[in-house]
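Below: one structure, written as structure tokens.
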Amino acid sequence: MTSEPTSAVPTAPSSPAPQRHAETKHGAAKHGGPVPPAVVYHGPTPPWQLVTLVALAAVALALGVWSLLSVDPERIGGTGLVEAVPPAYFVAIFLSLAGFVATLNLRRHTPMLLATQVMVLVVILHAADPIVHGLPRLQASFRHLGVADHIARSGQLDTTQDAYFNWPGFFDLLGLLSGATGVHDLMGLATWAPLGVNLLLLAPLLALAQRLTSQPRQAWAGVWLFYLASWVGQDYLAPQAFSFLLLVTMLACLLSAFSGWAWPTGSNRFTRFLARGVTRLDPTVPHQGMSSPPPVDAAVLLVVSVGLLIAMIASHQLTPFAAIPILTVFLLSGRLRVPSLPILAAALAMGWLMFVASDYVEGHLTQLFGTFGDVEAHTIDAVSQRVTGSDAHVLVVYTRLAEVALVWLLAALGAFLAHRRRTAWLTAALGALAPLTLIPGQAYGGELLLRLYLISLPFAACLAVLTLVPDRRGALGWRRAVGLLVMGSLLAYTTVVTRYGNDSMERFTPDEVALVDRLYESAPPGSILIEAVSNTPWKFQKYVEYRYRILVPSQQEPGARPLTCNAGNNFAAQGSDDAYLIITTSQKRAAELLETIPPGDLDRFIATCGSSPGWSKVLENAGGVVFQIKGTGNGN
């Protein structure tokens, strides 16, 4: 570890310092000319401090993992994991937070120890699902395994099947991984994906944060805050997680190698207006990205960035369109000197829609563009649809809204303070706000705001830490350290509720997976498979060999109505083969949490319809029950 110098540079906009992490000492330029930087080399950190912090991280990790291993999943209730973890879990989180803040507060910058502290936090806070349950979370994880398995086995892309086959990049990668390793069962990969995705994000998040902030400790604090406030749960085995990783990596590469104005700032009135406006808002921008890599390295990085962009476009519908406004604002603010890149991103994304995914787009025009421009439907209405269900679920939703508001409030305050201190903030603010321009587009299945919050979070987190992490190098000071610890504790304990608030229905049991396996062994190919409530761990094999139907969607709807036997009979009558209806414990938990049907209605449905003409119970275990329906019943 090298010593960290402490320096001071003038705060005036005319400062010639080209450093990316410029430091300011307030009032340095008050008496006239520039003050030469004073460099002070701190002595080595006492070994006992390093040993103590390493031991603290080890204790936090051991205590956190032990606490999660001791959780009884049956105790997980309406507010999620927070009801089942022992008090030692919260102690482990606090020890992890205290260790990071203490490391950040050392007089000497210690990146390796900071990385260790962050990784401990990631394990404790974001690996709870695989440690507690040992199975993939969310039914979409199982479905993604099935799509990848089908593509790998058949080598075919049926673009009329569903949206996944129109954006197959991620699934092709999974198939390639399976074929290269000879491991055809990727259930373990899906189980540990939340931990793996977050660990893979660490390096690109740090690289991006270093280009958004004034000094390394702010960058580390920004990464730390990202993990504390990342409750959306889009880190499972999914195209959006893969595309988000690509997006962060691409932006870090571009800001590292291609930061600067794309044109001479005095060439015309418009460029002069942009340059003067940016300099007034953030005088550090003209001095960022002054050094460039060698031409060969720059060419390689540009090719890599374009490759990441193409991979995003081939893997996910939304993320590439979020990249377009981010690249545009970087270009207009002097942080991207490749003017063709935003144009290329827009052309490739639109070209993919019009040519590669045309079959899907033509069949879903109303779904894709029916609410275009309806901001209220995509914001207020989308939020209000989620503030329904049981009292416990509503509490979780309100807690999520409160956490989002807190993060954005801290980000706004950090931007304001940085503007007053005349230190770096503008690029982070533009990156946080740019994705919000997608709101008028479409609701994206009601999840648009969740995805945009995640995409904006790396930038907002870098702004939020500016409220407490100073621009100077060196220790924070005990007051700022205590304030940062309080902020981190508030976000971490809130995230335990917001991230795992739906854990009672997002988790599955081995019995449920075993029941689905037996269903696939029993049902002939071409059969209609029906789930009573949309929350079943299936489709991970034989993805296109069955026709899947749902009696009750997972989205809450006003005036929930009881299930009727005719609903299953009508589906069974659609095919020549018999239909199979599966009802699992996770479906019951989802119905209770979201109140999509009246309380206890699934049990009544099983008792009533199970004895109806044409219905026969064919499979049952602790995870649920499967009925075979011949389509001849007249139950109601």
Side-chain angles (χ1 to χ4, degrees), residues 140 159-160 162-164 166-167 232 234 238-240 243-244 247 251 270 274 309 312-333 336 339 341-388 397 400-401 404-405 407-409 411-412 429-460 553-558:
T159 56
T160 62
D162 56 37
Y164 291 127
N166 292 270
W167 285 270
V232 178
Q234 296 297 317
Q240 54 265 35
S243 298
F244 180 66
L247 175 65
L251 295 177
F270 177 69
L274 282 179
L309 177 63
M312 264 191 290
I313 292 171
S315 300
H316 198 228
Q317 302 96 315
L318 178 65
T319 308
F321 286 95
I324 296 170
I326 295 175
L327 294 175
T328 302
V329 296
F330 284 178
L331 176 68
L332 296 178
S333 61
L336 178 63
L341 204 53
I343 300 173
L344 178 64
L348 290 176
M350 293 303 300
W352 190 278
L353 278 180
M354 290 187 294
F355 299 107
V356 181
S358 58
D359 289 341
Y360 177 80
V361 172
E362 290 173 3
H364 299 80
L365 286 175
T366 301
Q367 178 183 345
L368 290 173
F369 305 109
T371 61
F372 184 84
D374 193 345
V375 175
E376 182 178 356
H378 301 166
T379 53
I380 298 175
D381 292 349
V383 172
S384 63
Q385 288 176 3
R386 294 180 177 272
V387 189
T388 56
V397 174
R400 290 173 172 174
L401 295 175
V404 171
V407 170
W408 278 97
L409 179 63
L430 293 175
L433 294 173
L436 303 185
T437 59
L438 297 182
I439 289 178
Q442 63 143 312
Y444 199 71
E447 293 191 358
L448 178 67
L449 296 181
L450 298 179
R451 305 291 175 83
L452 296 186
Y453 169 76
L454 177 64
I455 294 171
S456 297
L457 187 56
F459 304 97
S554 59
Q555 286 287 349
Q556 306 98 309
E557 295 181 358

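Values below: all heavy atoms of this structure, side chains included; hydrogens, waters and symmetry mates excluded. Throughout, numbering of the chain's residues begins at 1 and tracks the sequence.
Once rounded to the nearest 0.5 Å, the distance linking NE2 of His378 with CZ of Phe372 reads 9.0 Å. To the nearest 0.5 Å, the span separating CD1 on Ile324 from CG on Leu341 amounts to 10.5 Å. For the atom pair CE of Met312 and CZ of Phe244, the computed distance is 11.0 Å after rounding to the nearest 0.5 Å. The CZ atom of Phe321 lies 12.0 Å from the OG1 atom of Thr437; values are rounded to the nearest 0.5 Å. The structure places CG of Leu452 at 12.5 Å from CG of Leu457, a figure rounded to the nearest 0.5 Å.
Within the 4.5 Å cutoff, the side chain of Arg400 has no heavy atoms near those of the Arg386 side chain. In this structure, the side chains of Leu251 and Leu327 come closer than 4.5 Å at one or more pairs of heavy atoms. For the pair Tyr444/Leu438, no side-chain contact is recorded, criterion being any heavy-atom separation below 4.5 Å from C-beta on. Taking the side chain as every heavy atom from C-beta outward, Gln442 and Gln317 never approach each other to under 4.5 Å.
What you find for Ser456 and Trp408 is that their closest heavy atoms are CB-CZ2, 3.9 Å. Summarising the geometry of Pro339 relative to Leu331, their closest heavy-atom pair is CA-CD1, 3.7 Å, with the distance given to 0.1 Å. The two atoms that bring Ala460 and Ala432 nearest to each other are N-CB, 4.0 Å, heavy atoms only.
Applying side-chain contact (heavy atoms from CB on, under 4.5 Å) to Thr379 and the options Leu436, Ile439, Asp374 leaves one that passes, Ile439. Shown are Leu309, Ile313, Leu454, Leu247; of these, the side-chain contact (heavy atoms from CB on, under 4.5 Å) with Thr319 is made only by Leu247. Partner of Val232 under the side-chain contact (heavy atoms from CB on, under 4.5 Å) criterion, chosen from Leu449, Ile455, Leu450: Leu450.
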Show your working on side-chain contact (heavy atoms from CB on, under 4.5 Å) between Val361 and Met354 and close with a plain yes or no.
CA-CA 8 Å; Val361 172; Met354 290 187 294; over 6 Å; no
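No donor-acceptor pair under 3.5 Å is formed between the side chain of Ser243 and the backbone N or O of Gln240. Here the side chain of Trp352 pairs a donor or acceptor atom with the backbone of Asn166 at under 3.5 angstrom.
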